[in-house]
Amino acid sequence: MHILQIVGFALVAAVLTVVVRRLRPELGLLLSLAAGVVILLLVLPSLLSVFQRLRYLSAAAQVNLRYLDTVLKIVGVAYLTEFGAQICRDAGEGALAAKVELAGKVLILLLSVPILNAILDLLIKLLP
Amino acid sequence: MPNIDLIYKIAAVGVLVAILHTVLSKAGKEEYGQIVTIAGVAIVFLMVVELLNRLFQTVKTLFNL
């Protein structure tokens with residue numbers, strides 16, 4: 001089972017991080033960062049089949065694939081933003097984390113402008 | 001899983017750097033202890049950046065970023 005692997009790995013990494021952080025705080029931060037990256041790398045490939053299925057479904061429902069791609073992009077930006085912000089917060093840099101989150105929000109807003117545009121176009125077409 | 005031993009490597013470097021730092025500062029070589037610490041952080045940082053690069057490539061291909 002994949003989840004057993006991940007939980008076991010996380011427990012080992014947590015113990016090691018606690019030990020190292022007491023000795024050298026800066027290396028403890030790098031250790032927890034590396035552990036987070038490894039866990040994400042273990043999990044992300046399983047998302048691929050879900051996304052393929054979503055693509056297939058949206059093609060079957062004749063939804064424009066551009067919209068699905070935009071949604072997926074937004075999810076990706078959100079994941080990465082959350083990851084970076086949490087690492088910054090772990091390091092005790094709350095202000096930096098807040099800026100990273102702000103940047104993520106701005107980029108998501110930028111990505112969602114075309115969809116908003118499409119909705120407004122549709123509304124104008126529907127209204128006489 | 002090839003990147004799990006990276007965690008052990010980082011932990012080993014951390015313990016090693018801490019011991020070297022203690023020994024060097026006990027021997028009255030405080031400045032060498034600082035240099036050892038910085039070198040350890042730099043080495044570990046290089047490894048972590050490589051790993052981060054892999055994560056970013058994966059996310060990029062997965063989400064079409």
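So that the names make sense, note that chain A is the first sequence line, chain B the second, and so on, each numbered from 1.
F51(A) is connected to F56(B) through a chain of hydrophobic side-chain contacts under 4.5 Å among Ile, Leu, Val, Met, Phe, Trp and Tyr, so both are in one cluster.
With a 4.5 Å cut-off on non-hydrogen atoms, V41(B) touches chain A through its backbone and its side chain both.
Of the options V18(A), V19(A), V20(A), a side-chain contact (heavy atoms from CB on, under 4.5 Å) to L31(A) is made by V20(A) and by none of the others.
Taken to the nearest 0.5 Å, the CG atom of L20(B) stands 14.0 Å off from the OH atom of Y32(B). The CG atom of L111(A) sits 11.0 Å away from atom CG of D69(A), with the distance rounded to the nearest 0.5 Å.
Most heavy-atom pairs under 4.5 Å with chain B: of the set L72(A), L44(A), L41(A), this distinction falls to L41(A). Comparing L30(A), L16(A), L23(A) by heavy-atom pairs within less than 4.5 Å of chain B, the highest count is held by L30(A).
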